[in-house]
Amino acid sequence: MTRRSDFRELPARLLAWFDRHARVLPWRAPIGVARDPYRVWLAEIMLQQTTVPHAAPYFQAFTQRWPRVEDLAAAPEEDVMRAWAGLGYYARARNLLKCAREVAARGGFPGTSAGLRELPGIGPYTAGAIAAIAFGERSAAVDGNVDRVFARLMALKGEWAEEKKRLAAEVARLVPDERPGDFAEALMDLGATICTPAAPNCMICPLTDMCAARAEGAPERYPVKPPKVAKPVRYGHAWVYRRRGKVWLVRRPPEGLLGGMLALPSAVWQEGEAPEAVPPSKADWQALGEVRHVFTHFTLRLSVWQAETPRNPAGEGMWADPEEETGLPTVFAKALALATGGKVRRR
DNA sequence: AAATCGGGGTT
DNA sequence: AACCCAGATTT
């Protein structure tokens, strides 16, 4: 018997399960109710490599402040970056605004995955997801959940990069003509609530009888991925200028790490050993301690210093009230909390 | 194909 | 500490 025939009943079985167990989420509508492409798109961008609980309050804030794509398109970039602060992967926010402006200019979202794929910030997964969920296109949406679910269903043991391609082709074959969007969300819900990474709950899985990994007895061993390289440590210093209770913030260059975001003045972070502490200007600098922060491909150990200053530091910047400022990326919010004795402000 | 790009929850 | 999350873009 071929794999394909093994999965013959999968779409109907999965959709029947989804009808009873779909998660209720802010960007969803009741099953059968049309979805607003703007809200679908916004949620998909926010959810890239981001958990549902982390993204949800940002989705609420964005849709309340910018109810339509035209509203977002008209927003200053500074406002969008500030509203995105804390969500991470800030290129998403820059591309979000670019995309909103292109969509507003052309009078709406493209209705096909191929058209969506041309827009900034929309890759293969997101194009397929929006096309299926918002427009009913028979397109696949293969995310990390779907990778895991099918690695187990098929008991894939080969090189992960190759197996992902095979699995994606299998998913594409299985997308039903009816309810392709529900099919995409059902697979993600199954991965998020039952076929979980560490301890899948096969006892209540609607697909357990067609799962090869379950038949082998150890589904949690899948997917088989290559080992990850250890993160190096980088060291740096951050400088908190204070004046009448306010702090001096600068804007980072538009590209690269934390690109376009507000920040504390800080030199380049160096690997290996801590660089000498050379402040941007002479003052009575006081050491406040160290902040540790984990980025995607390195760990940062940031020494934080503060000093009172009577005048504006050199270069572009602004004075901000540390109690009110919510536009800082988390690493700088942590550093600032060290200076003010406050907590890291987040939604 | 590999590197870059955040932050936080789970185990 | 390791793993992962509704991945995309650049090198």
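Convention: sequence-line order gives letters A, B, ...; per-chain numbering from 1. Bear in mind the structure is a predicted one, so any value in this text is a computation, not a measurement.
Looking only at distances, no side-chain donor or acceptor of A:Lys157 sits under 3.5 Å from a matching main-chain atom of A:Val224. A side-chain donor-acceptor contact under 3.5 Å links A:Glu163 to the backbone of A:Gly158. Put simply, the side chain of A:Glu137 gets close to the backbone of A:Ser113: a donor and an acceptor are under 3.5 Å apart. Between the A:Arg252 side chain and the A:Gly259 main chain, no donor and acceptor come within less than 3.5 Å of each other. Counting only distance, with no hydrogens or angles, the side chain of A:Arg28 and the backbone of A:Ala22 share no donor-acceptor pair below 3.5 Å. Remark: the backbone N or O of A:Ala339 is paired with a side-chain donor or acceptor of A:Arg242 at under 3.5 angstrom.
Using a 4.0 Å heavy-atom criterion, one finds that A:Arg28 contacts the bases of the nucleic acid, with or without backbone contacts as well. Looking at heavy-atom distances under 4.0 Å, A:Leu25 makes contact with a base. Looking at heavy-atom distances under 4.0 Å, A:Thr196 makes no contact with the nucleic acid at all.
In the region residues 36-53 of chain A, proximity to DNA chain B at under 4.0 angstrom, judged on heavy atoms, holds for A:Gln49, A:Thr50. Within residues 293-305 of chain A, the residues having any heavy atom closer than 4.0 Å to DNA chain B are, in order of number, A:His293, A:Phe295, A:Thr296, A:His297. Applying a 4.0 Å cut-off to non-hydrogen atoms, none of the residues of residues 250-270 of chain A approaches DNA chain C.
For the pair A:Lys164 NZ and C:dC4 C1', the computed distance is 13 Å after rounding to whole Å. Between the CG atom of A:Leu87 and the P atom of B:dG9 there is a distance of 13 Å, rounded to whole Å. One atom, CD1 of A:Ile130, and another, P of C:dG7, lie 13 Å apart when rounded to the nearest Å. Atom pair A:Arg92:CZ and B:dT4:C1' shows a separation of 14 Å (rounding to whole Å applied). In this structure, the CD atom of A:Glu271 is 13 Å from the P atom of B:dA3, given to the nearest Å. Atom NE2 of A:His54 is separated from atom P of C:dG7 by 14 Å (rounded to the nearest Å). Put simply, CH2 on A:Trp84 is 13 Å from C1' on B:dC5, counting in whole angstrom units. In this structure, A:Tyr90 atom OH and B:dC5 atom P are separated by 14 Å, rounded to whole Å.
Across C:dC4 and B:dG6, the matching C1' atoms stand 13 Å from one another, rounded to whole Å. If you take atom C1' in B:dG9 and the same atom in C:dA8, they sit 23 Å apart, rounded to whole Å. When the C1' atom is compared between C:dC5 and B:dC5, the two are found 15 Å apart, to the nearest whole Å.
Taking CG of A:Asp143 as the reference point, atom CG of A:Leu47 lies at 9.5 Å (rounded to 0.5 Å).
OP1 or OP2 of B:dG7 lies within a sub-4.0 Å distance of a side-chain N or O belonging to A:Thr330. Of the side-chain N and O atoms in A:Lys228, one or more sit less than 4.0 angstrom from OP1 or OP2 of C:dC4.
Taking the charged nitrogens against the carboxylate oxygens, A:Arg179 and A:Asp19 do have a contact shorter than 4.0 Å, which makes a salt bridge. Ionic pairing of A:Asp71 and A:Arg68 is present here: one or more N-O contacts between side-chain nitrogen and carboxylate oxygen are shorter than 4.0 angstrom.
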With 3.5 Å as the limit, what N/O pairs link the protein to nucleotides 9-11 of chain C?
| from | atom 1 | to | atom 2 | distance (Å) |
| --- | --- | --- | --- | --- |
| C:dT9 | OP1 | A:Gly121 | N | 2.4 |

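Each of B:dC5, C:dA6, C:dC4 was ranked by its minimum atom distance to the side chain of A:Lys225; first place goes to C:dC4. Of the listed nucleotides (B:dG7, B:dC5, B:dT11), B:dT11 has the atom at the smallest distance from the side chain of A:Ala198.
Under the 30°/60° scheme for interplanar angles, the aromatic rings of A:Trp41 and A:Tyr38 are found to be tilted.
Remark: A:Gln60 CD is packed, more than 12 non-hydrogen atoms of other residues, nucleotides or ligands lying under 6.0 Å away.
Comparing A:Glu162 and A:Ala91 against DNA chain B, the residue whose closest nucleotide sits nearer the 5' end is A:Glu162.
A:Tyr241 forms part of a hydrophobic cluster together with A:Trp239, A:Trp248, A:Val250, A:Trp285, A:Trp305, A:Trp319, judged by ILVMFWY side-chain heavy-atom separations under 4.5 Å.
When A:Leu190, A:Ile31, A:Leu187 are each tested for a side-chain contact (heavy atoms from CB on, under 4.5 Å) with A:Phe18, only one passes: A:Ile31.
Residues forming a salt bridge (charged side-chain N to carboxylate O under 4.0 Å, His left out) with A:Glu162 (at least two apart in sequence, or on another chain): A:Lys165.
Here the two rings, on A:Phe295 and A:His297, have centers that are 6.0 Å apart or farther.
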